[in-house]
Each structure stands twice: as structure tokens, then as C-alpha cells.
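Worksheet for the structure shown next.
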Amino acid sequence: MAQNISVPDIGDFKDVEVIEVLVKPGDQINKNDPVVTIESDKSSVEIPSPAAGEIKDLKVKIGDKVSEGSVLATIENGQAASAPKEKKIVKEVQTQEKPKTNGEVNQVRQVKKIFAEPASKDDIDPVETNEWIDSLNSVIENDGSSRASYLLNKVIDQAYKSGLVLPDTRTTPYINTIPPEAEIKSPGDQNIEKKIRAYVRWNAAAMVVKANKKSPELGGHIGTFASAATLYDVGMNHFWRAKNNKFGGDLIYFQGHSAPGMYARAFLEGRLTSKQLDGFRQEVDKGGLSSYPHPWLMPKFWQFPTVSMGLGPIMAIYQARFLKYLINRGLIKDEGRKIWVFLGDGEMDEPESLGAIGLAAREKLDNLIFVVNCNLQRLDGPVRGNSKIIQELEGSFRGSGWNVIKVIWGSYWDQLLAKDKTGLLIKRMNECVDGEYQAFKAKGGSYVREKFFGKYPELTELVSSLTDKDIWRLNRGGHDPHKVYAAYSAAMQNTGSPTVILAKTIKGYGMGKTGESVNTTHQQKKLDEEDLLYYRDRFNVPLTDKQVKNIEYYKPSENSEEIKYLKDKRLKLGGFIPERSSFAKQIKAPPKDIFDAFMKSTGKKEMSTTMALVRMMTALLRDKNVSPRLVPIIPDEARTFGMEGFFQKIGIYAHEGQKYEPVDSEQLSSYREDKSGQVLEEGINESGAMSSWIAAGTAYTNHDIEMIPIYIFYSMFGFQRVGDLAWAAGDSQARGFLIGATAGRTTLAGEGLQHQDGHSQLLASNIPNCVSYDPTFAYEMATIFREGLRRMHEKKENVFYYITAMNENYSHPEKPKGCDDGILKGMYLFKEGKNKGKTKVQLLGSGTILREIISASEILSKEYNIDADIWSVTSFNELRRDGMETERLNLLNPNKKPKKSYVQECLSNRDGPIIAASDYTRAFTDQIRPYTDKKFYSFGTDGYGRSDTRKNLRKFFEVDKEHIVAFTLSALAKEQLVGSEEAEKAIKKYKIDKEKDFPANL
Ligand SMILES: Cc1ncc(C[n+]2csc(CCOP(=O)(O)OP(=O)(O)O)c2C)c(N)n1
Ligand SMILES: [Mg+2]
């Protein structure tokens, strides 16, 4: 029996136009297959079939207007009822955790509520105190730790109910989280590992010192890696699994300026030669090693650019989330891969470092492990001289729901802590601040005896049998491979939350007086002979004095136990790290006909380029190759850009699915969260969205799968807000689209100064591998977008695209013949002047201002008998790049016939001066000024934006058609091509206020 397919609840919209009919009579379709696409003035959305079956009658055609209930088609053999959209079943609801008790009634005697009073500091009844502690100990012994925790939780709940002020539980005492008894022991050979570590340390320091002998300009850091060597070594020997044909590989974000340590290890592994080490920081000639991790400069080695502090942590968090996204969408296997992130304690000051830790906990990213190297120092001095960075970070991470593992004290402290029955040692550890801890390691054992242990007679007694040397040897957790191994093991086991390891170390460890734990350590890049000999002795590096003086690297023979051990460890872990590779398959660019619809005129129908783009994305979602790889990323602006149709169609990624029935569940564009959802809805979080975009744009190397991220944002909150991340994206060779929507200083009307973008194109132009466009018409957008897909995802070029999209609705003409090449190169002749007028002008426009240019040309022709050639400039940025390259080539070949830049090719044989205008600052259009001999006048929107109507704004910034006409006449008058009185008349006619100040001053 035939059933109707009708329009479901589409919210407040009525009389919405059908823009695509996707089925015909006789088609067999499945439930939820799209039947038609409808489009309001803001967004387009597909209407899915409520049932499977054969299409019988089509009741609508393109151009028809429909509302809720309108019948679209009939379907036979349909099983489900049509009209009202079925109620969605709430998916992925997790079962409620069962109570652990059998409905136990709280039988505890109720006590009188009291007003909160601070906790007493004195022990007024030590016997009672001991009874409590004994009770706890006996529960732990007899019923286990889980029961003990349960009881404590109950007691704490009761205490809160009674109004007690409880101790601050954000932090735990200043001791290791893992007690010695619970430490998992390393299976490694400590003697060999110690030697390997010594060689890596030596070679890392030597390469920095050698480079600076060549030239002090080269710089480098010794102290950072010196403090982190053990943290890296334990990971390299025991934990980090490389990518190979059986496993996707762990991803390690190395702290930027610890790079010498990674090179030094790669040297021992035989991956780098001593000549390459000699080329540290000399990157201009081939073969040198980059100063910091830069995939752009060492594309087979480094994976993640981390040296701009704060970017590593936020990018890594979104990387971990994206890994789960790929797994949950069924695009890659879950292999238990981990993401390790190495950070400086000073780096944790960056807002980006801590800014996304809430998301990591919320998304239960147990594939993520942060290791913060807490050497207590940054560049100028202590990170937190007056308090303790480890405690501060513990509080922040615990508060956000992370698993925190503190690695503060090394094994030499274990016995002292075991002997400390009264808790006085822990009290002393708790009360000391980092400024003191730093000084302890700079000033030697007797100083520590006096200043640390000496505060309490009991502690002086505790270390009375230790020599000053013994006290000096009391090590910090981050330098103790046993403690580090135990922490890494625990982090690997943890499930349900991300882990942070807070490891206490010494900056410049082993550097002696000149560089250990002193405020100037960070910039220490030279070691004199004495320092070098000290460093060699400290770590027992088998080099002669002469070799030390020559600053030779040390590498034992290939047959030595150290090299065999080190290689064997890496072999067992699947290969070397870091290494960058890609085995991703290309994505075939979609057939031309997907884009054909955009090449035609829209007739009277008006739409914005944003709408055209969203339509293109909707069409791409029907292409079976492209569809699964699209990653639409939106920071809470889907409705602004008319993308709410995606919610239903492809779902919003949510790792827990949707645990609630959305308030708008009856509507077609209902908010649908799904474990396998495709849209990354990032909330109001541009840095996070950009980090997601980078993760998706580099999936081809990090996960061997080519993805197509499309991040759409308010253009003002793009490069300006996250410029450094965009730079890192370029370094990472991310591929994908950035769409600066609601673009243009006067096109986004009514939003004001902080919203109206007049320079994002210029910011984009500074990133060498960012290709940017400011298209006006749908066919330009389609041509550019299609080429972007082809270049990036089919040809695998390491570029990314920035395209500005506007929210101004207007009709779009048909694509003029033969302009594809010009659209992509940056300009093409949109319309030629009729050559009937008395003189001629070349009008160049980009984005929405091209339309003002077109209108101005009509006035010029009709009222002033002036012909204009109209050029649509899709990219002043690309034109400039071509111009610069051509000019350089010509200067280098003075004896050859000069080549023409593309701008010259277009304009040199044309008559009249050039008038160029855009919705960006004049610097944008001015970019091509050097590449033409003609008189060049540029107009733009220099100055702060402000809220008003588009018309008023264009008048204010002097980029409306009237100003363009008047300025053109003036320019022609200057060239003596028209009389100046004509220009004067026009200025009067259009009521242009000559007294008004230059907009940039207002
Ligand atoms: C965004 C940014 N600002 C400043 C710097 C310059 N810088 C490099 S290292 C450093 C100090 C780092 O201290 P910390 O994070 O504690 O690392 P450590 O060397 O102590 O391990 C600074 C300020 C940078 N690399 N990035
Ligand atoms: Mg530090």
C-alpha cells in the first residue's frame, strides 16, 4: 500500500523552497535515505524517508514551497507510518551504577548540626587519635583497601552533613603517590641503562656546546634535557611502542627544547651520524638538525611541533580525543595506543596548558599521559618560589578528574621516610617551598642538613649517621629510574581517566656549579673545559681528557652490550621513535557533477557563500569516498552558519552517546549526539576546535588515514585568536579546510568592532603553506573547494586552505566560460567593458565588495560613459605569491627576457588605471601593487569595525558603489582621462563628506 512521505516538524519555518529532488518514481530507497533538500534563507536540510520501499509518485519539483505536513512523494511497501517523525530512542544510555549496598538505611545516630569551625591544629587526645588510626589499619588489613575507602567516604559524607570543615582534599602530602611496596619493578638492566643514559646525556650536551663553539648565535639548551633524561630513557627502553605494520604506534609529544636528547639517542641508535649532530641548529644547508621539533624541517623525524609553549598540551589532548573519535566511528582499530606528552613546569603557566584538561577528564581520555618535568625552574628563575608547583598542579588536575601520580622522592629517601614514625619528615617536606628546594640542590649536602633537616632536632637526629655526601645523594623522584618506571606502569594500567605524572627533578642535573639548579641554568649553552671534565666524571663517560677537550661524541661499538641492549629494547617495542611516516591512501576527489549545480546561475534566488558551502558539504556527504572522511568542526556556531541539518544527518560525536531525549526531538534538525557521530561540536572553544582540526588534518601521518577536516568559525575568531596554532598546523603539514565565515568588515553588519574581520586574509597570507581565497560567487567557491580536495586529499600536497565565506545573501551568476584557471590563480576577467565609452578603467574586487564594483561599473558606463573591465580577484594573496616569485626570477636573470607575473599577464594589455577594492584593509589589495606598471588605487576597510547596517558601513569605510564611482572619476581625472569637475560633481552628488576624517582615525 502506498504511503505519503511528508515534511516533518521543521521548527518555525514555513513555505520553504525545495532545492533538490533526490529520488524519482521507481527508485528503491531505504529508510532515512534523503528524498528532497529544502532550503530556508538560512540553511538547507535534507528530508529523509521515514520508511523503505519504492517511490511511486513525486508530488514536488524544484522551486516548490513546502511546510510541515506537505506531501513530498508516495512510497510503496513502506513499513513505517509517514507524517509525524518517529520519536527517537535514546541511544547508548549507560546502565545506572547499582548501589554497592543492599538499600541499607542510614542507621547512624544523628548528631546536632554545628556551625563550621576550622579544624583544630592540636592533638588534644593522642590516645583517641591512635584508636582511629588503628581502626583504619585493621580495616585495611582485614577487609582490604577498597572497604577502607568505602568507610572513609561514608564518614566524610556524614561529616559534611554535620557541617564540619574538612581538610582540603585537592592535594595529598608532598610524597610519592605510589608507596615503595606498591611499586612495579623495572625488568631492565639498571647498569646498562645507566651507561646508555650517561652517553645520551653527554652527546646531547656536547652537540649544544659544539654548535656554540662554531657560533654563539646558534644557541641551544643543556639544562632542560639534563633534568629530563631519565624520564625519556625509561619511556624509550620500556614503554613507547613504535608504529609498524602491526601496530599504530604510541604518539610522543617531546618537550621542544629537550630536542638535543632525542638527537643524542638517535645517534646511538645509528639513525643520525656525528656529522648530523655537528649540524645541530644549522638548518639552512641540507642535513642539519632542527633547533626544536619541526616536522616541516625534518619531515621523517619529528611529528609534533611543541616548542611554542602550551600548544603541545592542548594539541595532545585533542589528539587523544580524536584517536577515540576515529575508533568510535569505526575508522581505525582500538589497539590501546597511548599519547604521551612531555611538559615543563614553567610551561604549565600557559593558559592553553591547563585550558583543556577538563575536556580530557570529561571524555575519559585514558589513552593520554602527561609527564610534567617539575625541575622547579623556568627561564628566569623559580616557577613557584613561594609555594610548590607540584602541589598546585596536583590540585588543578585532581580537581578536573585526572589520575595524578606524584614522583617526588627517589629511592634513597625510602628508608628515611620509613623511619619517620611521627610524620615529622613529611611535615617538613610539606612546609618547604620550591625556592628552598631549588637552593638545596645548588648548595650541597651540609646546607641541606642545616636548612632542611636542621629545623627539627628529631630530623637532625634522623640523618646523623649520614655524611654530607650521603645527604647530597638523596635523590629526586624524576632522576630515579625505579620510581619513574613504577609511575609509567601505573599510568599504563589506569582506565577511565587521563593521567598526569608530576616528576620532581633538578634543572641542569649533573652540570655542577655553573649550571645545576641555579637561576641561569636555562640559558647555559656553553661549558668550559673544567665543566666538561666534571660532567664526564659525574656520569662516568669513558672519554679521555683529550677527547673531552675536543668535545668528541661517545658511541660504543655496535657489538657493545649498551648498543645491543638499546637496539634490542627498541626492536621489542616495534621500531624507533620519533619517526614520521604516512601510509594513508588518497581519497579520490568526488566527480565533477557533485559541483555542477554550483556552476549555474541561481536566478533570482539569493544565498550566501556560506550557504553554498554548506550545500557543497551536504552534497559531499552523498559521495561514498568522501563522506566518511569529512570532519565538520564547529565551535558552537552551527546554527549561525545554517549547519544544524548535520545534527540529524551525521550526528554530533559524543563518547557516551546520548543519555537524554533532546528537547527538540520532534524536529527534523533535532540535536543528536551519538557515539559514532561525525560532527565535532567543540563548544565555545576556538583553540580546542583548532587543535581538533590539526589532529584530523594530520591523521594521514599519525593514524595512516586521510581525513578531511573542515573547521568553520567566525573569521574574526580564527587566525587572530589561534594564530600560533595555525602556524603549528602549517609546521605539522596539516591538510584540510579552514572556513572564515561571517567574513568581511562591512559584510558582517551589526556585530561591531570585536567581530568584524578586515584582516584575517592577511594573517593567513603569512603562513607559507596556507592557500587562501576570498571568493564572491558560489561557482568560485565550488571551483576552489574542489581543487582543494584534489590537491590536498587526492594529490596529498602539504598545504591547507583558508576560504572566507560571507553571510550576505545575493544571487549568483553562471560561471563564465574558461575562468577555472583564473579562479585558482587568483583573478579572472568577470566582465569586459564594451569598448564604447570615452575612456576605460580596470576594476578589481574581491569578496562581497566585488558586487559594489559591479554596480559601480554600471553607473560609470550609464552615467559617465566610462567602460570598465571587471576582474574578480579570488585571491590577492596568491597573486602576490606569484608576483614575488616572478620578480625574484627576473632579478636573478637580468640577461633574459623578463617573465610576466600573472597580474601582468592579466592587466598589462588593458587600458586605464587600476581601482582595487575589498572588504579587508588596503594592505590586502596593495599586495599586488608592485606587479603592475599602471596607476593603482586601493580601497578597503582600514580602521576598527563598528555596528551598523551594511549600507552604512560600506559608506563609512568608503567601499560602497558611490564612493567607488567618485574615486574612479577622481583617479581618471588625475590621469587627465576625464575632467576634474566631473569627479567633483560626483562627490557632491553622492553627498560624500570631504571633511570626514579618514575612517582609520575614527
Ligand atoms: C610561547 C612561548 N613563550 C616563551 C618561550 C621561550 N621559552 C623557552 S623555554 C622557556 C622556559 C621553560 O621553562 P619550563 O617550561 O619550566 O621548561 P624547563 O626548561 O624548565 O624544563 C621559555 C620561556 C617559548 N618557547 N614559547
Ligand atoms: Mg622547568
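In listed order, ligands and their atoms are each counted from 1.
For the atom pair CH2 of W302 and CZ of F254, the computed distance is 6.5 Å after rounding to the nearest 0.5 Å. One finds the OG atom of S692 at 5.5 Å from the CD1 atom of I633 (value rounded to the nearest 0.5 Å).
Checking side-chain atoms of N877 against main-chain N and O of Q761 turns up a donor-acceptor pair under 3.5 Å. Looking at Q524, its side chain does come within 3.5 Å of a backbone N or O of K526 through a donor-acceptor pair. At least one donor-acceptor pair under 3.5 Å links the side chain of N203 to the backbone N or O of Y554. Between the side chain of R735 and the backbone N or O of T698 there is no donor-acceptor pair closer than 3.5 Å.
At the top of the distance list for atom 21 (O) of ligand 1, counting protein heavy atoms only, stands Q255 NE2, 3.0 Å. Of the protein's non-hydrogen atoms, the one nearest atom 20 (O) of ligand 1 is K507 NZ, 2.7 Å.
Checking only distances, S227 never comes within under 3.5 Å of ligand 1, N or O to N or O. Ligand 1 has an N or O atom lying under 3.5 Å from an N or O atom of M309, backbone or side chain. Between S308 and ligand 1, no pair of N/O atoms sits closer than 3.5 Å. Backbone and side-chain nitrogen or oxygen atoms of R378 are examined, and none is located within less than 3.5 angstrom of a nitrogen or oxygen of ligand 1. For G346, a nitrogen or oxygen atom sits less than 3.5 Å from a nitrogen or oxygen atom of ligand 1, counting backbone and side chain alike.
For ligand 1, the atoms lying closer than 4.0 Å to a non-hydrogen atom of L379 are 11 (C), 22 (C), 23 (C). Residue E350 approaches ligand 1 through these ligand atoms, each under 4.0 Å from one of its heavy atoms: 1 (C), 2 (C).
In this structure, atom 12 (C) of ligand 1 has a protein heavy-atom contact shorter than 4.0 Å. Within a 4.0 Å radius of atom 24 (C) of ligand 1, the protein contributes one or more non-hydrogen atoms.
Coordination check, Q377 versus the Mg ion (ligand 2): passed, since an N/O/S atom of the residue sits under 2.8 Å.
Checked against the 6.0 Å centroid criterion, the rings of W402 and F397 qualify as a close aromatic pair.
By the criterion of a heavy-atom distance under 4.0 Å, the side chain of N375, and not its backbone, is placed next to ligand 1. At a heavy-atom distance under 4.0 Å, no atom of H221 approaches ligand 1.
Under the 3.5 Å distance criterion, with hydrogens and angles disregarded, no donor-acceptor pair is assigned to the side chains of R398 and T171. Counting only N and O atoms by type, the side chains of Y232 and N237 include no donor and acceptor under 3.5 Å apart.
At a 4.0 Å cut-off, not a single heavy atom of M348 sits close enough to ligand 1 to count as contact.
Rounding to 10 degrees, one finds that the Mg ion (ligand 2) sits at the corner of an angle of 100° between N375 OD1 and D345 OD1.
Under the 4.0 Å criterion applied to side-chain N and carboxylate O atoms, D233 and R197 are assigned as salt-bridge partners.
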